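Since the structure comes first, as structure tokens, the remarks are kept for the end.
Note that ligands are numbered from 1 as they come in the structure, with each ligand's atoms numbered from 1 the same way. Because the structure is a prediction, the values reported are computed rather than measured.
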Amino acid sequence: MIEYSSLLAGAALLVAWCFLVRNRKLDHIPTVGFSNPLLSFISSINYIIGCGKIAEEGYRRYPNSMFKISTFDGWLVVVNGTQQIDDIRRSNDEQMHGMTTVAEYLQLDYTLGKQLLSNPYHIDVIRMAVTRNIGARFQEIHDEVSRAYSDAIKLTGNDWTAIPAYELQVGIINRVSARYFFGQPLCNDPNFLNICDRATLEIFKGRLLRIFPVILRPLGARIFTNIHSLRTNMEEYLRPIINERLKQDQFHGTEWSGRPNDLVSWLMDGAQASGTAITAEDMSTRVLFTIFGAIHTSTAVYSKFDMDLYIAPLTGSTITAALYELSLNSEDVKEIREEVERVVESDGWSKASLAKMYKLDSYLRESQRLHFMNRFAMSRVTLKDFVFSDGTVLPKNTTTTVNIYSRHNDDNLYPDAGVFDGFRFVRDPSSGITRPMLATPTLEYHAFGHGRSACPGRFFAVTELKTMVAHIVTNYDIKLEKDHEYPQKVFLEQQSFPNMQAKIMFRKRSS
Ligand code: HEM
């Protein structure tokens with residue numbers, strides 16, 4: 001029988017070998033940490049526990065430039081400078097690719113399959129149909145937000161009720177997204193919601209496959225993830241729906257009255273336009289990935305303390321951070337409440353009304369600036385040698401990313417960058433002040449990325465987030481249960497998670 005010590009020695013040798021044969025073509029990029037192949041192993045450990053310090057040191061030492069960090073996935077080139085970010089923004093899919101980074105990071109080839117990367121038509125579906133239909137389906141989004149909050153927050157009289165903020169928001173986002181994507185009755189089926197909820201974890205487990213040699217990864221995916229059975233569960237729901245729609249489509253064309261205006265139809269149209277066969281298996285794969293993007297555009301981290309698996313969706317993190325800030329600032333609640341009520345009184349609830357809620361918009365943008373969940377974003381893999389406008393060359397197959405946390409905290413880009421100023425971005429058309437709104441990427445603001453791979457779901461995310469916060473401020477008083485300061489975040493690798501234990505107190509709005 002093979003002894004564990006031999007296995008460990010073998011694994012150590014393999015790791016040492018990987019570090020020794022590392023890409024030397026990046027020697028011209030300065031390193032933060034060790035450059036020496038073997039010592040860079042130590043830097044890779046540092047990256048996991050102290051990425052923030054490394055990112056800040058790199059930002060200080062190489063402003064307007066770039067540096068590299070050693071990670072267990074290989075060298076990571078971190079870009080600091082505005083000009084280089086603009087170069088990345090302008091790059092095309094033949095030069096640099098965003099989705100390849102995601103597919104590599106999550107080992108999607110072995111979990112959801114190669115077609116996500118080779119034929120990513122679902123991204124166009126999110127960018128076009130998911131976005132285009134927000135106005136037409138807005139009343140359903142609003143209705144589900146109201147119903148989900150009243151189901152989740154049980155109040156008696158004027159008493160306060162404490163609820164873990166993070167868990168609450170993720171549950172609501174799950175329900176509201178399911179209503180938009182699948183409509184009723186699916187969005188109220190607990191079993192179906194559970195499948196959506198589990199998508200994140202099962203897709204994220206793919207990250208573990210990197211420890212296996214490539215040849216064993218398909219097997220690893222079957223042993224360490226339940227993604228295949230989850231997809232089968234999803235297929236069981238979608239197959240009869242798809243078959244029925246295909247039957248009707250064949251008979252009447254795709255414009256028949258009563259054809260549901262939902263994600264399944266949008267994906268079927270997307271498949272057809274891209275010449276892909278419509279099968280329950282392929283649809284389920286795309287649906288699970290879209291849910292992953294929407295509900296849990298996420299990452300997971302094993303807590304250093306109890307090894308529970310934490311899931312930190314971006315949408316959930318954004319709203320949790322905004323609510324923590326609002327819970328600390330009752331004057332801000334009043335201002336946003338006044339704005340929401342004024343707009344709703346004159347225009348009612350609609351997508352267009354949300355666009356006029358400038359203070360609310362600014363508040364969420366500021367939350368994402370200061371409390372964004374990732375230190376880095378706009379990750380890309382170079383598909384050929386890439387030359388930046390300052391002449392720096394990144395060779396083919398280099399992974400690069402942008403130091404967004406440091407940039408969002410840079411006093412030169414944002415006066416008093418360390419201070420939360422909820423109304424920093426308020427636009428005021430009456431006095432001609434036009435500042436970018438939440439969904440708009442700029443060269444200083446990267447929460448939704450930028451360029452070809454910028455988040456295709458951001459308009460839907462913004463609609464969901466603004467509707468949720470508008471509903472809360474107009475219906476509840478809120479405060480933090482214990483803390484009088486912003487609840488402490490958890491940092492691991494490049495992630496910065498909102499506190500997932502802190503509770504927010506809710507009571508029926510008093511005035
Ligand atoms: C507050 C919520 C969200 C945040 C902060 C967020 C942020 C991001 C960021 C930073 C990226 C990478 C962009 C880049 O590399 O330039 C991204 C990509 C992506 N997001 Fe979002 N996202 C959110 C919500 C959503 C939603 C609701 C969906 C789906 C409906 C979605 C689907 C995707 C997809 C599919 C990609 C990959 C795009 C590609 O590689 O071309 N996201 N998101």
Side-chain angles (χ1 to χ4, degrees), residues 79 85-86 88-93 96-106 108 112 116-117 120-134 141 169-170 173-174 176-178 180-181 196 199-200 203 263 266-267 270 285-299 312-322 361 364-365 367-369 371-381 399-402 404-405 408 438-439 441-443 445-466 468-469 494-496 498:
V79 170
I85 293 171
D86 201 26
I88 296 175
R89 178 185 71 84
R90 288 159 186 268
S91 66
N92 61 39
D93 280 354
M96 289 191 170
H97 208 242
M99 189 61 199
T100 303
T101 335
V102 179
E104 265 289 298
Y105 190 79
L106 296 169
L108 289 180
L112 287 177
L116 276 186
L117 191 57
Y121 72 79
H122 55 280
I123 293 189
D124 285 335
V125 169
I126 298 173
R127 191 176 292 126
M128 316 276 283
V130 168
T131 303
R132 205 177 42 233
N133 284 292
I134 295 171
I141 296 174
Q169 304 310 330
V170 173
I173 289 163
N174 195 4
V176 175
S177 304
Y180 184 62
F181 291 155
C196 299
T200 312
I203 292 174
L263 182 65
W266 304 331
L267 283 171
T285 301
R286 317 263 173 189
V287 160
L288 287 175
F289 188 72
T290 306
I291 290 168
F292 177 77
I295 303 172
H296 298 293
T297 312
S298 69
T299 190
L314 286 169
T315 320
S317 301
T318 300
I319 191 162
T320 304
D361 195 279
L364 286 161
R365 190 170 169 102
S367 295
Q368 285 200 332
R369 180 189 71 81
H371 303 303
F372 194 61
M373 213 194 77
N374 283 325
R375 289 194 176 273
F376 305 139
M378 290 179 71
S379 300
R380 307 279 186 268
V381 171
T399 305
T400 179
T401 192
V402 171
I404 77 159
Y405 209 85
H408 282 184
L438 180 54
T442 66
L443 287 176
Y445 184 81
H446 317 291
F448 289 112
H450 213 165
R452 263 297 292 156
S453 301
C455 176
R458 62 190 187 279
F459 295 98
F460 174 62
V462 166
T463 305
E464 231 179 6
L465 289 167
K466 288 177 84 169
M468 287 167 73
V469 177
Q494 53 163 283
Q495 276 84 41
S496 135

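Considering backbone and side-chain atoms alike, H450 places an N or O below 3.5 Å from some N or O of ligand 1.
Close contacts between ligand 1 and F372 involve ligand atoms 5 (C) [criterion: under 4.0 Å to a heavy atom]. Residue T318 approaches ligand 1 through these ligand atoms, each under 4.0 Å from one of its heavy atoms: 1 (C). Set against the non-hydrogen atoms of G449, the atoms of ligand 1 under 4.0 Å away are 10 (C), 13 (C), 14 (C), 16 (O).
Contact annotation: V102 has no heavy atom less than 4.0 Å from any atom of ligand 1. Under a 4.0 Å heavy-atom criterion, Q368 is in contact with ligand 1. Under a 4.0 angstrom heavy-atom cut-off, M378 registers as being in contact with ligand 1. Taking 4.0 Å as the cut-off, R380 counts as a neighbour of ligand 1 on heavy-atom distance. Between G451 and ligand 1 there is no heavy-atom distance shorter than 4.0 Å.
Between T463 and Y180 the shortest side-chain heavy-atom distance does not fall below 4.5 Å. Using a 4.5 Å heavy-atom threshold, the side chains of W266 and N133 count as touching.
Taking the ring centroids of F460 and F181, they lie under the 6.0 Å cut-off.
Side-chain contact check for Q494 and Y405: no donor-acceptor pair (N or O, by modelled atom type) lies under 3.5 Å.
A donor-acceptor pair under 3.5 Å is absent between the side-chain atoms of H408 and the main chain of H371, judged by distance alone.
When each of L106, V102, T285 is checked for a side chain to side chain contact (heavy atoms under 4.5 Å, CB included) with L116, only T285 meets the rule.
Taking only non-hydrogen atoms, the option from L117, L465, I126 nearest to atom 35 (C) of ligand 1 is I126. Between atom 37 (C) of ligand 1 and the options C455, G98, A377, P456, the minimum heavy-atom separation is to P456.
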For residues 121-131, which side-chain donor-acceptor pairs fall under 3.5 Å, sequence neighbours excluded?
| from | atom 1 | to | atom 2 | distance (Å) |
| --- | --- | --- | --- | --- |
| Y121 | OH | D282 | OD2 | 3.2 |
| H122 | ND1 | R286 | NH1 | 3.1 |
| D124 | OD1 | R127 | NH1 | 2.9 |
| R127 | NH2 | R452 | O | 3.4 |
| T131 | OG1 | I126 | O | 3.1 |
| T131 | OG1 | R127 | O | 3.0 |

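Taking the side-chain contact (heavy atoms from CB on, under 4.5 Å) definition, one finds that R89 meets it with D86, L443, H450, sequence neighbours left out.
By the criterion of a heavy-atom distance under 4.0 Å, neither the backbone nor the side chain of P120 is placed next to ligand 1.
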